[in-house]
Amino acid sequence: MTDKTQLIPTTAELMRLRAVAAGLERPDVIVRGGLVLSPGTEEWLERDILIAGRHIATLTPWGHVTGAEHELDARGSWVVPGFIDAHLHVEYTNLTPGQLARVSVPRGTTTVLTDPNAAANVWGPEGMDYMLTTGAPFHIFQQVSPTTPASTTLERGGAVIPEETVLTRLHDDVTATLGEGNPFDLGEVSTARFREALVAGRRITGHTAAQSHETLWSYLSAGVGDDHNAATVEEVLERTRLGAMVTVMGSSLADNTVPLFADLDAVAPALRHMCFCADDKHALDLSGQGHIDHHVRQAVRFGVDPVLAYRMATAQPAHYYRLDQVLGLLAPSRLADLQIIPDLAEVRPTTVMVAGAVVARDGRAVFDVDDEVPAWTRDSIRLPDVIDPALLRVSADTPRARVRAMEMYDGYFKRAFEAELPVAGGAVQCDTATDVLKIAVIDRHHAEPLAGVGFVRGFGLRRGAIAISMNCPNMNIAVVGADDASMLRAVEEIRAMGGGFVTVDGDDVLARVELPVGGMMSDAPFEQTAAALEHAHAVTAALGCPIPSPYIILSFVGLYVVPDLGVTERGLVDTFSQEVVDVLLPGPVDACGHTDADRHP
């Protein structure tokens, strides 16, 4: 757990830093001969970096100090701070914190701000603490998950975290921000929570969900200060002109670096009020595409001045999130978190240092991960002993039925539309010809026969089903498929393996990604998790799915704070009204597609 105060030099460390800077003592390490990213100006400096213990003593002209215990040769290279991910959900990497460090630190990302809302829903406060904990050389700051469950009326949820616990955590030393909250909630409780964050001196992380004008203005007026949903230049400018920091998302859901940097002239006025985040990025993309190094590569590729691109990954988030006194800058008294990069465009560090120690070389970690995984983090899937097929049934008494459905676009956004579907045996069927499949969200916390059902376009399955145990935000099981039998088989396989991802075709299990830690993560080496994802994605594509990362997209179909519709274990949700609505058209608002005879609890 990264307590900010513990990163500040002790009195003894400050005495040593001052002595080294004054030339009275030898530094432990000199990073010699590199072009150093200036901590206060937009330029590269010909400087050596003098390090004493965990911290930087000072920067000197090349060769000014002749001796040290150890030297790192940076000649011909650039030296920059460790990268900062300004908003991440560690659980969606499908890796435990230590395994995330193994993949991210060698690529230059040494600090993450994480909202452990998934862990909060499965395990409560103890799980939130677990997501902040690793013995790896990796700084993890908390973005306090604001509401668990996110709604007491729209979902049954898992763990329940009292409001007082949230307010108390805002004052913890490990806390950087209040986590992302519902932009459609204008209530007094959420407003008081925003105020407590401001009183505690914390930033407030936003989730604007493509809102504009009044709904956006109302959200930001509560003190919300950043947004990772901005996906167009117009959205970036609207937010930054209102004083918000835009954290450019490059995730497995959507890569906003492309639309935002492709029109560089238009977005240029906002560049100094932007930083980077991965948000939801799984192990395969992290290990292949990269972490924050990917954002920097993209920015430089599209023409952003490298000095500014690297500042967007370091100094700008450090300043904004009030971490600049300890990290994000190569400056006296700051942590010696740095990387030596031979090619500014490639962004592949040959050496990474955290707190004055070399922790990675040539893209590989030189540290081991031996974090304990507590026994209570496993065996989290709780389903009824027998799942009644009627749980997935949408009843209708006509030959064809009109239903509310949603179409996936721009990653996890959903556009509402109406579909006409065939009815067989009194049950509404999928239509693979028009790619309208059934989706269900099933409670996996309480062993209760509770499920919400809807219809979705975009997954393209010609047959079979895929299922996950990571429906956002409550971490229930979500399953989408071409037929109920395949969907039920997929759910049973999730139960059997204790959580994860699965692709089935009828009775045949085609691919499995085992995530036994909370049904969200694996503590196996990240290489194994990435390989399992790669295979499972390929198998799912062979069933007709065009989505490159189908499991993580499925995680967000149910999310009811992203327009237009969502699905929870209680039913189909209109995200604007924040009410459960009927799947069938027409129908009463509270019907959710089930007759009295087969209505679930």
Side-chain angles (χ1 to χ4, degrees), residues 29 31-37 49 70-85 88 90 93-112 134-140 250-252 255 257 276-278 281-301 306 309-310 313-314 327 330 335-371 522-534:
V29 179
V31 181
R32 192 179 292 284
L35 291 171
V36 175
L37 184 64
I49 302 175
H70 303 283
E71 293 193 4
L72 292 176
D73 186 0
R75 289 174 297 181
S77 296
W78 288 260
V79 187
V80 302
F83 296 144
I84 300 169
D85 184 334
L88 178 72
V90 172
T93 70
N94 304 132
L95 304 172
T96 54
Q99 285 302 316
L100 174 60
R102 281 193 60 239
V103 68
S104 294
V105 169
R107 291 159 174 78
T109 299
T110 57
T111 298
V112 298
T134 179
F138 195 45
H139 307 306
I140 306 177
S251 74
S252 297
D255 186 356
T257 64
F276 301 136
C277 77
K281 195 166 192 176
H282 56 62
L284 178 59
D285 283 349
L286 286 167
S287 60
Q289 187 183 74
H291 198 157
I292 299 303
D293 54 308
H294 166 70
H295 295 71
V296 178
R297 266 192 300 278
Q298 288 286 84
V300 173
R301 180 170 74 90
Y310 279 86
T314 58
L327 52 77
L330 299 180
L335 284 172
D337 294 354
L338 59 84
Q339 47 187 319
I340 299 173
I341 296 180
D343 188 321
L344 289 178
E346 287 295 315
V347 203
R348 304 190 190 280
T350 55
T351 303
V352 179
M353 177 177 278
V354 172
V358 173
V359 296
R361 293 188 184 276
D362 298 319
R364 299 185 66 85
V366 296
F367 58 88
D368 295 322
V369 173
D370 55 5
D371 297 336
S522 171
D523 58 332
F526 77 81
E527 295 90 344
Q528 293 182 25
T529 305
L533 279 168
E534 185 174 31

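Just so you know, these numbers use all the heavy atoms, side chains as well, and skip hydrogens, waters and symmetry mates.
Taking CD1 of Ile84 as the start and CG of Leu327 as the end, the distance is 5.0 Å to the nearest 0.5 Å. Note that CZ of Arg102 is 7.5 Å distant from CZ of Arg364, once rounded to the nearest 0.5 Å. Here the OG1 atom belonging to Thr134 is positioned 9.0 Å from the CD atom belonging to Gln99, to the nearest 0.5 angstrom. With rounding to the nearest 0.5 Å, the separation of CZ in Arg301 from NE2 in His294 is 8.5 Å. With rounding to the nearest 0.5 Å, the separation of OG1 in Thr350 from CG in Asp343 is 11.5 Å. Note that CG of Leu35 and CD1 of Ile340 are 12.0 Å apart. Values are rounded to the nearest 0.5 Å.
For the pair Leu100/Leu286, a side-chain contact is recorded, criterion being any heavy-atom separation below 4.5 Å from C-beta on. In this structure, Leu330 and Pro81 have side chains that are in contact, with non-hydrogen atoms separated by less than 4.5 Å. When side chains are defined from C-beta on, Thr96 does not count as touching Asp371, because their heavy atoms never get closer than 4.5 Å. For the pair Thr257 and Phe276, the minimum side-chain heavy-atom distance is 4.5 Å or more. Annotation: side chain of Leu95 is in contact with side chain of Thr529 (closest heavy-atom distance under 4.5 Å). Put simply, the side chain of Val103 does not reach to within 4.5 Å of the side chain of Thr93, judged on heavy atoms. At least one side-chain heavy atom of Phe83 sits under 4.5 Å from a side-chain heavy atom of Thr314. A 4.5 Å side-chain heavy-atom check between Val36 and Leu338 finds every atom pair outside the cut-off.
Closest approach of Leu533 to Ala283, counting heavy atoms only: CD1-N, 4.1 Å. Contact record, Ala313 with Ile292: CB-CG2, 3.8 Å, taken as the closest heavy-atom pair. Val79 approaches Gly34 most closely through the heavy-atom pair CG2-CA, 4.2 Å. Minimum heavy-atom separation, Arg348 to Ile341: N-CG2, 4.2 Å. In this structure, Ala74 and Val31 approach most closely via the heavy-atom pair CB-CG1, 4.0 Å. In terms of heavy-atom proximity, Ala365 sits nearest to Pro106 at N-CG, 3.4 Å.
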Yes or no on side-chain contact (heavy atoms from CB on, under 4.5 Å) for Val300 and Leu344, after CA distance, side-chain angles and deciding distance? CA-CA 8 Å; Val300 173; Leu344 289 178; 5.8 Å; no

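Counting heavy-atom neighbours within 6.0 Å of Gln289 CD, excluding the residue itself, gives a total above 12.
Among Val354, Asp85, Val359, the one residue that satisfies the side chain to side chain contact (heavy atoms under 4.5 Å, CB included) test with Thr110 is Val354.
Sequence neighbours left out, the pairs with a member in residues 284-294 that pass salt bridge (charged side-chain N to carboxylate O under 4.0 Å, His left out) are Asp293-Arg297.
Side chain of Ser287 to main chain of Leu284: a donor-acceptor pair is present (N/O by atom type, distance under 3.5 Å, no hydrogens or angles). Within the 3.5 Å criterion, the main-chain N or O of Asn94 finds no donor-acceptor partner in the side chain of His282. Judged purely by atom type and a 3.5 angstrom limit, Lys281 uses its side chain to pair as donor or acceptor with the backbone of Gly290.
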